[in-house]
Amino acid sequence: MAGIPDHFPVCGLTALTKILVLGPARLLPESVADQVSSLNLEHVSPAGMMRLEISRRHPSPATAGLDATTAQLRRWFFARKPDAGFLLSEYPATLLQAKILDEWLDDRDEALDAVIATDPDHPAAGHYRTLGLLWEHPGAVPAP
C-alpha cells in the first residue's frame with residue numbers, strides 16, 4: 001500500500017497552517033483531503049457555525065453591519081488562539097467577503113498559506129489567483 005503523496009512539499013504545511021477552500025471541502029480530491037486532515041487543523045465552515053449559533057441571537061455592535069454568516073465567522077476568527085491553524089471551507093462566497101477576510105488577517109498580522117478552489121469559477125478565485133495563493137489543480141504539486 002502506497003503512502004499518502006505529499007501535495008504540499010513546497011510550503012511545508014504544519015498544524016499552524018491556514019488553508020482556505022473555496023467551496024465545500026468534501027469536493028477536495030481524496031489524497032489532498034487525507035493530507036489536510038492529517039494536519040489536525042480546526043475545520044470551520046459557515047454551515048457548521050450556523051447550526052451552533054441558531055439558539056444565540058445576540059448581535060454585537062461590532063458585527064451589526066455584517067451579514068449573519070460573516071458576523072459569526074468574525075467572532076470565531078478573532079476568538080481563536082493567535083496564529084492557530086485552520087481549514088476554512090465554503091467562505092468566502094463573494095469577492096467582498098474575501099476582502100473582508102483579508103482585512104481580518106491583516107489585523108492579526110497573519111496570512112493564508114494556501115487557497116484551494118473546488119470550483120475554478122468561484123467568485124473569489126481571481127482575487128486569490130492575483131495574490132498567488134490559489135492552487136488551480138489541488139491534485140498537482142504547486143510550483144515553488
Side-chain angles (χ1 to χ4, degrees), residues 4-143:
I4 297 172
D6 188 0
H7 295 287
F8 311 107
V10 176
C11 62
L13 299 183
T14 68
L16 300 178
T17 300
K18 293 163 198 66
I19 300 174
L20 185 63
V21 178
L22 301 178
R26 71 180 187 290
L27 297 180
L28 288 172
E30 186 177 344
S31 60
V32 174
D34 287 345
Q35 188 170 3
V36 168
S37 67
S38 74
L39 296 173
N40 213 13
L41 299 172
E42 179 182 9
H43 181 182
V44 181
S45 72
M49 295 189 88
M50 289 300 282
R51 285 191 288 278
L52 292 173
E53 195 68 21
I54 286 176
S55 63
R56 292 188 243 154
R57 286 287 174 209
H58 307 206
S60 70
T63 61
L66 304 174
D67 66 78
T69 302
T70 302
Q72 288 174 325
L73 283 166
R74 182 185 188 285
R75 283 192 292 276
W76 159 77
F77 185 85
F78 287 102
R80 67 188 179 77
K81 291 180 182 177
D83 217 23
F86 59 82
L87 173 85
L88 177 57
S89 63
E90 302 179 57
Y91 187 90
T94 66
L95 180 57
L96 176 61
Q97 289 176 343
K99 290 182 178 188
I100 290 170
L101 180 60
D102 289 349
E103 288 179 12
W104 297 347
L105 288 159
D106 286 345
D107 285 350
R108 287 185 64 156
D109 197 25
E110 297 178 322
L112 294 170
D113 294 294
V115 178
I116 303 171
T118 58
D119 173 10
D121 297 324
H122 188 280
H127 173 68
Y128 291 110
R129 187 178 295 114
T130 302
L131 296 175
L133 291 171
L134 186 69
W135 292 357
E136 300 288 343
H137 306 286
V141 176

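Note that the structure is predicted; figures quoted are calculated from it, not measured.
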How close do [X] and [Y] get, heavy atom to heavy atom, and via which atoms?
X	Y	result
L131	D102	CD1-OD2, 4.1 Å
G85	K18	CA-CG, 4.4 Å
T17	D113	CA-OD2, 3.2 Å

Is [Y] close to [X] at the side-chain level, that is, under 4.5 Å between some pair of heavy atoms?
X	Y	value
L101	L88	yes
D119	L22	no
D107	F78	yes

Worksheet item: In terms of heavy-atom contacts, does CG of D106 have more than 12 from other residues, nucleotides or ligands at under 6.0 Å?
Response: yes
Practice prompt. Report the residues that fulfil side chain to side chain donor-acceptor pair (under 3.5 Å) with R108, sequence neighbours left out, ordered by chain and then residue number.
Written response: none
Measure the [atom1]-[atom2] distance between [X] and [Y] for me, rounded to the nearest 0.5 Å.
X	Y	atom1	atom2	answer
K81	L16	NZ	CG	11.0 Å
L112	L105	CG	CG	5.0 Å
Y128	L95	OH	CG	8.5 Å

Discussion item. Assess whether a salt bridge exists between E110 and R80, defined as any Lys/Arg side-chain N lying under 4.0 Å from an Asp/Glu carboxylate O.
Written reply: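 Between R80 and E110 there is a salt bridge, with a charged N closer than 4.0 Å to a carboxylate O.
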Worksheet entry | Those residues that, when tested against P123, pass side chain to side chain contact (heavy atoms under 4.5 Å, CB included) (two or more places apart) | none
Worksheet item: Listed by chain and number, what are the side chain to side chain contact (heavy atoms under 4.5 Å, CB included) partners of Q97, not counting sequence neighbours?
Response: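 Counting only residues at least two positions away or on another chain, Q97 forms a side chain to side chain contact (heavy atoms under 4.5 Å, CB included) with D67, T70, Y91, P92, A93, T94.
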